[in-house]
Number of protein chains: 2
Amino acid sequence: MDITDRKIVGILADDARASLTDIGAAVDLSPSAVNERIRRLTASGVIRRFTLDVDHRILGFDVLAFVWIALANDADEGEFRSFIASHPAVAECHHVTGAWSYCAKVRMPTLGDIEPFLSELKARRYLARSETVIALSTAAERSVTLPAPDGGKRDRG
Amino acid sequence: MDITDRKIVGILADDARASLTDIGAAVDLSPSAVNERIRRLTASGVIRRFTLDVDHRILGFDVLAFVWIALANDADEGEFRSFIASHPAVAECHHVTGAWSYCAKVRMPTLGDIEPFLSELKARRYLARSETVIALSTAAERSVTLPAPDGGKRDRG
DNA sequence: AATGAAATGGTGTGTAA
DNA sequence: TTACACACCATTTCATT
């Protein structure tokens, strides 16, 4: 995990289809050296997968919301986690500090789809309380966070 | 945007490096037909870009936090938005309903890096109040949200 | 809008340094 | 760990349906 690896991750985060030749030109390495580094970055788990950034609006998911969840006292937390992980509308769900147990980021076609989602959580007895916050617009969105060009941590992974 | 397009998006979301041949086999189309569909999906903006899913822990970003922001009365909202969009630690930032103005998802190397971030927001006079929630663990994470295999909206984009 | 064939160019492997 | 060369395969274009 040196500065060249981070540059490669940055280039691929911008365009995962960049050719080994182009990446090599950007980091002063031959295509095969770049390939070997990408192989190692993938094997070591730094790169989890090559994926897409899509426009969910066009796909019919007009609503983005954050649902704060307080788990019921008698809820099976492991069951809740696997339910939430396999729910198609859930983009993210994190166990968090503070007054709430979990924060789930969900995408729905319409506002009306949120209530059935909450109802299901309640029916399964996961939910004690919840609070839903709707995202009106997005000011920033980045799939990969990297250190600013100069500084940053080294020798990990 | 038919069911085949959605299947292609789903396959690419899982593995953006899947070959046209393999995708074609999965959706019963020739490689060149798949290629043309991907070109159209990209041109129409459904696919915004090909990117990576990375492990930020290994990259040295051990802390994931949600920062709730109430903008100061005299804050220049446009300025705030471009500041937050260009800040390297900010993974997402949404304008939200409810008691707060914005919700920012940030990644930091350590907990100690959060305070300087808040200080900078304050120094720039964007911040009235804020509340920071730390993510302890992640139960779900998906880059792309698609309708469940059967149903879903059609004829968009 | 899809197919199939042909050309291009990128990927991946082997060998050597 | 990288470079270089070569074999292979994927991508892309084009003519056709």
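The structure presented is a predicted model; accordingly, all values stated were derived computationally and were not measured. Lettering of chains follows the sequences in order, A, B, ..., and the numbering in each one begins at 1.
A search for ring-ring contact (aromatic ring centres under 6.0 Å, His included) contacts involving B/F83 returns B/H87, B/Y126, not counting sequence neighbours. Applying the side-chain hydrogen bond (donor to acceptor under 3.5 Å, both in side chains) criterion to A/R125, with sequence neighbours excluded, gives no partner residue. With sequence neighbours excluded, the residues satisfying side-chain hydrogen bond (donor to acceptor under 3.5 Å, both in side chains) with B/S32 are B/S30. Scanning for side-chain hydrogen bond (donor to acceptor under 3.5 Å, both in side chains) contacts around B/T51 gives A/S143, with sequence neighbours left out. A/R37 pairs by the side-chain hydrogen bond (donor to acceptor under 3.5 Å, both in side chains) definition with A/D2, A/D5, not counting sequence neighbours.
Counting Ile, Leu, Val, Met, Phe, Trp and Tyr side chains that sit under 4.5 Å apart, directly or through other members, B/L136 stands alone, with no cluster partners.
The separation between B/R37 atom CZ and D/dT12 atom P is 17 Å, rounded to whole Å. Separating the CD1 atom of B/I38 from the P atom of D/dT11 is a distance of 8 Å, rounded to the nearest angstrom. Atom-to-atom, CD of A/E36 to C1' of D/dT1 comes out at 8 Å; the value is rounded to the nearest Å. Atom CG of B/L29 is separated from atom C1' of C/dT3 by 10 Å (rounded to the nearest Å).
Of all the heavy atoms in A/L52 and B/A16, the pair that sits closest is CD2-CB, 4.5 Å.
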Legend entry - Contact pattern, 5' to 3', of nucleotides 9-17 of chain C - B, S or - by protein heavy atom under 4.0 Å: -SSSB----
Could you go through residues 92-106 of chain B and list every donor-acceptor pair under 3.5 Å that involves a side-chain atom there, pairing it with any protein atom two or more places apart or in another chain?
from, atom 1, to, atom 2, distance (Å)
B/E92, OE1, A/K105, NZ, 3.0
B/E92, OE1, B/H94, NE2, 2.7
B/E92, OE2, A/K105, NZ, 2.6
B/E92, OE2, B/K105, NZ, 3.2
B/H94, ND1, A/T138, OG1, 2.8
B/T97, OG1, A/I134, N, 3.0
B/S101, OG, B/L71, N, 3.0
B/Y102, OH, B/E77, OE2, 2.6
B/Y102, OH, B/R81, NH1, 3.0
B/K105, NZ, A/E92, OE1, 2.9
B/K105, NZ, A/E92, OE2, 2.6

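Rounded to 10 degrees, the angle separating the terminal helix axes of the helix from C/dA1-D/dT17 to C/dA17-D/dT1, each built from five base pairs, is 30°.
B/R40 comes within contact range of the sugar-phosphate backbone alone, with a heavy-atom separation under 4.0 Å but no base atom that close.
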